[in-house]
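Letters A, B, ... mirror the listed sequences (proteins, then strands); counts begin at 1. Just the heavy atoms: all of them, side chains too, but no hydrogens, waters or symmetry mates, feed the values below.
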Amino acid sequence: MKPAEVLIYEDNKEMREGLIQLISRTEGLKLSGAFGNCMAVESQVKMLQPSVILMDINMPGISGIQAVQLIRHFDTDVHILMLTVFDTNEKIFDALCAGASGYLLKKTTPGKITEAIKDVHTGGTPITPEIAKKVLSHFCMPPLKPDEHYKLTRREKDILFCLTQGYSYKMIAEQLQVSIDTVRFYIKQVYLKLHVNSAPEAVAKSLREHIV
Amino acid sequence: MATSVYALFRYHLNQKLKAFQLRNAISRDLHDDVGATLSSIGFFSTMALDDVADNNLKMQNVLRRIKDSSQAMLDAMNDIIWNIQPENDTIDNVIARMIFFASEVLEAKKITLHYNVADNIKHLRLSLAVRHELFLIFKEAINNLAKYSEASEAAINLELHHAILKLVISDNGKGFDPLEVKTGNGLKNMQYRAEKIGAVYQLDATPGGGTSVRLHFKTT
């Protein structure tokens, strides 16, 4: 299997260097590039064509979230994992709405980080109860845009609710009598619907094709 | 006259708000920087551990201590920041975070988690200090369970009777003889934290008979 090409955006020098070394020495991963800011993110992503982007949420100049929006305008396939020091809610939720595929805490051990990168296509990293709550209430609010018609299915709502209670994927699978892969799939669908509801029309169009 | 007094008031309020926001921004940036650098220390020591010779136990020890202490600090900062956020101040947020934490730690050790939270607890409001110590006692108990119990099942029970909050964490593991085990830092910590918030802490264990940690806290 082709190694995943990873592009890093991280402004803390030590952290960036640590990630560079980690990716470089992990089998199955290949370093595509590393930058300390997002000033040229559009041209960089277009040129390097990574399969996974690690994007720091807090960056000087163009923020991580703005960068995600910029990228999603021309690429709805690349996986974007947000990097954040702490699991404080507001920005992570905004990043998910902007089109991030998931997030990683910087306090996560190196082993788990590489695991998350490799598994990113199987669908999202587990979200905290607080973020699950924000996602759930987002879908319960009246739609902001006239063409916003993506609602959650019963199953998806159940899974999200379990997440708000702190359940792990395994616990949800047991509770709802489905496989863990099924749980992951539904969560992926939820993220997609979130992106579609929040994304500008041009992006939303191509995202809709991904929704089952 | 009244309008100019009001205008002055508004001006001062705005200045205070700006200062507050600046302090917040500085604090956030500081946490970001400290967190990112601590994280990178963890990265580098982990990579060094991978590279160091198998027989170089001295070096392994040193590297492990560096890794563990930077990770511990990161976790501690994370918990504090989570706790001070106003939207996390109801007990069901704390409980969800407890379950989230416990399920992750225990599943990694293949320990099945059973839990029961009474319905009447949902709207209980606890002070910041109590939430903080409660969560940390819980974390310590779960970490100990995962590390030492060799259990296959663990149970978390949270009830509210006559304004007393009762938390019980138990397992079916190998237990220990309380008289034999010198109170390690972890056990003393839980005792200390409980005393800080005026809670009653009790540890029950018998060799081969599992372990249970009990915490009773008066909510009035």
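The shortest distance between side-chain heavy atoms of B/Trp82 and A/Thr128 does not fall below 4.5 Å. Side-chain contact between B/Gln71 and A/Thr109: present, with at least one pair of heavy atoms (C-beta onward) separated by less than 4.5 Å.
Within the 4.5 angstrom heavy-atom criterion, only side-chain atoms of B/Thr46, from C-beta onward, approach chain A. Neither the backbone nor the side chain of B/Phe101 has a heavy atom closer than 4.5 Å to any heavy atom of chain A. Using a 4.5 Å cut-off between heavy atoms, B/Met77 touches chain A through backbone and side chain atoms alike. For A/Ile57, no part lies under 4.5 angstrom from a heavy atom of chain B.
Atom NE2 of residue B/His114 and atom CE of residue A/Met171 lie 10.0 Å apart, to the nearest 0.5 angstrom. Between the CG atom in B/Asp75 and the NZ atom in A/Lys107 there is a gap of 4.0 Å [rounded to 0.5 Å]. In this structure, CZ in B/Phe100 is found 8.5 Å from CD1 in A/Ile127, a value given to the nearest 0.5 Å. Taking NZ of A/Lys13 as the reference point, atom CG of B/Asp33 lies at 13.0 Å (rounded to 0.5 Å).
With hydrogens and angles ignored, the 3.5 Å screen pairs a side-chain donor or acceptor of B/Ser39 with a backbone N or O of A/Lys106.
For OH of B/Tyr148, the number of neighbouring non-hydrogen atoms (other residues, nucleotides, ligands) closer than 6.0 Å is 12 at most. Summarising the local packing, NZ of A/Lys170 is surrounded by more than 12 heavy atoms from other residues, nucleotides or ligands at distances under 6.0 Å.
Each of A/Arg25, A/Gln21, A/Glu17, A/Glu10 has some count of heavy-atom pairs under 4.5 Å with chain B, and the biggest count is that of A/Arg25.
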